[in-house]
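Working notes, structure below.
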Amino acid sequence: MNSRKQEEQIDDFQEILRLQKALQNVTDSIQAARGIRQILLQARAPVLRLFEAESVRIFIRDSAKNDLWTIVPAGNREEEIRLPVDGRSIPGFVAQARTAVNIADAGDRKELEAIHPELRHDLSAGGKHRIRSKQVMAAPILHDGEVLGVIEIAGRKGRSGRFADEEPVLLQEIAETLGIAFGSHLKPARSLSSRFSLLVEEGLISETDLKNSLEEAQRSNESPEEYLMKKMRISRTDIGRSLEQFYGCPFVAFQERPSPQEGILDKLRPEYLRRESWIPLEKAGGKIRVLVDDPGDILKKDTIQGLLKTAAVEYCVALKDDILKYIDWFYRDVQGGKSISEMLGRLGLSPEDEDEEEDLVSESDSVIMQLVNKIIIDAASRRASDIHIEPSIRKKSVDVRFRIDGECVHYQSVPFSYRAAIVSRLKIMSNLDITERRLPQDGKIRFRKTGGEEMELRVATLPTQGSVEDVVLRILAKGETMPLEQMGLSPRNSDEFLKILAKPYGIVLVVGPTGSGKTTTLHAALRHINTPDMKIWTAEDPVEITQEGLRQVQINPKIGYDFSHAMRAFLRSDPDVIMVGEMRDFETAKIGVEASLTGHLVFSTLHTNSAPETIIRLLDMGIDPFNFADSLLGILAQRLVRMLCKKCREPYSPPPEEIEGLIHHYGEHLSSELNAAGQGDFRLYRPRGCSECDNTGFRGRMGIHELLVASERIKTLVARREPVEAIREAAVEEGMRTLLQDGIRKVLGGYTDFKQVLSVSMR
């Protein structure tokens with residue numbers, strides 16, 4: 001008996017030590033966090049280990065909205081949950097009542113109603129983040145008598161009944177630690193009392209950096225929001241949430257929407273709206289929703305209500321550039337909404353004139369100018385990447401097509417007699433020779449839209465059959481660099497790619513056909529490693545994406561300044577990282593390999609079909625296999641597939657032959673996965689079509705990837721000049737998914753359909 005008692009005492013003592021150590025880990029993680037957001041994410045794991053629980057959520061109280069919010073991991077992203085402070089959810093009740101709860105069975109309605117008549121556990125998270133564990137324990141987070149949040153623990157792994165005696169005590173200690181931490185992090189934000197207090201409160205920027213940023217923005221004549229997004233890399237979403245909290249009204253970002261409601265813009269001039277930074281958005285619920293950059297400006301609000309002749313106005317806050325975009329978008333519809341047929345009708349040509357010489361219409365006619373401008377503006381508004389002007393001798397018309405999400409779609413047909421005037425107008429805009437019609441030409445257009453926004457187009461003319469000329473305009477996308485987290489990489493590819501980027505030297509290649517997003521991926525990688533202690537040179541043709549901290553060089557082959565010349569110059573300019581737009585020839589590839597062997601991290605692209613084929617292509621160029629094997633870190637092959645429209649995609653149960661087709665293309669091991677998931681509940685998605693996606697069923701594109709990691713085995717095969725199949729087989733055995741396999745995973749995830757994957761990948 002004594003020995004058993006001693007064993008029990010030892011077990012109790014060891015459990016006490018475990019709890020003390022686990023509690024110390026929780027405290028350390030909270031105290032080490034640099035801001036509220038880090039606390040929410042970093043404290044989860046040690047708290048889960050301490051209570052051996054299934055779920056933990058730490059909520060922050062938003063006093064302005066009287067609700068609770070938290071963030072939860074969702075794959076590669078973070079999602080926000082908000083709950084009202086009331087008796088309908090467990091966290092809401094705890095915050096309202098300022099008392100802790102310890103519930104044995106949250107599914108027992110009687111137990112919940114004994115606490116509060118309206119209390120329901122299945123409302124505690126909402127939607128796909130519902131927590132359905134039986135046991136729930138929650139405590140308020142207090143500081144100086146104020147409720148700053150709530151911590152909720154749910155589920156006991158392998159145990160039944162409510163949380164044990166000592167566990168509520170431990171939870172109370174954690175709540176007190178959180179209260180001190182929250183109070184410390186919230187004080188600077190409150191003392192600022194500015195539009196950006198939430199950014200400081202959540203640790204996205206320090207108070208000092210925010211103050212310096214605001215001063216620098218004023219000196220450089222930039223808006224604070226633009227400066228924070230560009231220089232401090234604060235996301236538009238986070239800035240919007242901060243403005244929303246400060247002004248106590250919804251934040252609205254720009255998105256394409258239907259034409260403005262009739263009468264809403266009556267007697268309002270676009271020049272005035274641009275100067276004053278506001279615009280009526282819509283009529284809803286008996287009120288007019290107005291976007292304004294400063295809802296706290298009482299004088300501006302009085303003016304708005306006077307012009308709209310109503311006090312029934314609901315104000316929403318928006319960034320100034322988003323308001324300008326809405327003004328351009330709405331007034332393009334109101335004033336520039338004439339159809340092409342209406343424009344051409346103003347030329348006064350009869351149908352009989354269409355077969356006559358094009359001299360009847362000149363490139364200097366104002367309607368031709370308006371027509372070309374409208375084509376460019378409409379292409380940009382419809383997210384087109386290219387504009388194709390195609391005169392047809394057979395049909396006696398000029399077809400205009402847009403490439404949207406990788407697919408060419410018909411936009412408009414223009415009478416054949418206007419072909420020369422349109423082409424000449426585009427040549428004048430791009431500084432090309434309008435008298436030369438026998439040779440291809442290329443140039444650029446800098447096009448300024450209404451409101452001052454500038455866009456750049458790359459222009460190529462090409463003589464075609466029948467003594468006519470085709471014109472293709474590529475709209476060069478300028479904007480913020482996408483983060484790697486938004487590139488659609490699978491967890492394995494993301495982890496391995498990040499490990500590659502952490503290497504100090506070597507060569508990294510991104511491969512695929514033209515328009516597959518290679519440059520976007522490279523800039524996302526550069527953004528990940530772009531720190532003040534790194535010197536990064538890039539050589540590109542053209543420079544489409546810019547980011548602060550890079551030294552970017554435009555290649556100019558016409559004067560002999562090609563990629564190999566740029567690489568040699570970079571090596572004399574003390575680089576840490578070099579990005580060369582493309583390894584087109586032996587000289588560029590040779591310099592890139594040598595640079596990677598002498599302590600530089602080198603990024604580049606190639607036009608190859610798959611990652612293993614890239615190795616053979618470079619060896620066939622004449623690259624030394626031993627040097628290349630030593631320098632290679634990894635090769636990422638990618639394609640872009642059209643995504644199903646999120647608004648209208650519809651689920652369906654695939655027939656057996658479709659499932660067999662997926663298994664055939666992916667591999668037999670997919671069959672066991674589908675069987676484990678239960679084929680009876682298995683769902684895929686297909687396109688349907690709605691106004692949001694122009695009735696195509698697709699909107700936007702995403703990447704599918706094939707990442708070959710240069711392991712010792714792969715390096716050996718490269719040095720031996722083994723064939724493609726041997727390299728591919730070895731890479732697959734080491735965990736590489738082919739493009740087709742990664743695409744099928746995207747199909748199973750509901751992002752696209754199998755037809756789109758097959759259209760861009762063969763294996």
From Leu684, Val641, Asp753, residue fulfilling side chain to side chain contact (heavy atoms under 4.5 Å, CB included) relative to Val747:
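The single option meeting the side chain to side chain contact (heavy atoms under 4.5 Å, CB included) with Val747 is Leu684.
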Against Ile151, only a single residue in Thr70, Leu171, Val94 fulfils side chain to side chain contact (heavy atoms under 4.5 Å, CB included); can you say which?
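Running side chain to side chain contact (heavy atoms under 4.5 Å, CB included) over Thr70, Leu171, Val94 with Ile151 returns exactly one hit, Leu171.
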Answer yes when [X] and [Y] have at least one side-chain N-carboxylate O distance shorter than 4.0 Å, and no when they do not.
{"X": "Asp742", "Y": "Arg745", "value": "no"}
{"X": "Glu216", "Y": "Lys211", "value": "no"}
{"X": "Lys287", "Y": "Glu314", "value": "no"}
{"X": "Arg88", "Y": "Asp86", "value": "yes"}
{"X": "Glu548", "Y": "Lys230", "value": "no"}

Please identify each residue that fulfils side chain to side chain contact (heavy atoms under 4.5 Å, CB included) with Asp405, with sequence neighbours left out.
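Here the qualifying residues are Arg383, Arg642, Arg701.
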Can you name the side chain to side chain contact (heavy atoms under 4.5 Å, CB included) partners of Arg109, sequence neighbours left out?
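Result, side chain to side chain contact (heavy atoms under 4.5 Å, CB included) vs Arg109: Glu113, Arg120.
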Using the test side chain to side chain donor-acceptor pair (under 3.5 Å), find all partners of Asn212 that sit at least two apart in sequence or belong to another chain.
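Partners of Asn212 under the side chain to side chain donor-acceptor pair (under 3.5 Å) test: none.
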With sequence neighbours left out, what residues match Glu176 under salt bridge (charged side-chain N to carboxylate O under 4.0 Å, His left out)?
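Result, salt bridge (charged side-chain N to carboxylate O under 4.0 Å, His left out) vs Glu176: none returned.
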Using the test salt bridge (charged side-chain N to carboxylate O under 4.0 Å, His left out), find all partners of Lys231 that sit at least two apart in sequence or belong to another chain.
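Testing Lys231 for salt bridge (charged side-chain N to carboxylate O under 4.0 Å, His left out), a comparison that skips the adjacent residues, returns Glu222.
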Please check this pair: side chain of Thr521 against backbone of Gly517, looking for a donor-acceptor N/O pair closer than 3.5 Å.
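Yes, because the side chain of Thr521 sits within donor-acceptor range (under 3.5 Å) of the backbone of Gly517.
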Donor-acceptor contact below 3.5 Å, side chain Lys746 vs main chain Ile704
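Not at all, since once roles are kept as given, no pair shorter than 3.5 Å links the two residues.
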What's the shortest heavy-atom distance between Tyr315 and Pro250, and which atoms?
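Closest heavy-atom pair between Tyr315 and Pro250: O-CD, 4.0 Å.
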Please collect all ring-ring contact (aromatic ring centres under 6.0 Å, His included) contacts where either partner lies in residues 91-116, sequence neighbours excluded, each pair once.
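Matches after skipping sequence neighbours: Phe93-His116.
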Do Arg649's NZ or CZ and the ring of Tyr685 fall within the cation-pi criteria of under 6.0 Å and 45°?
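Yes.
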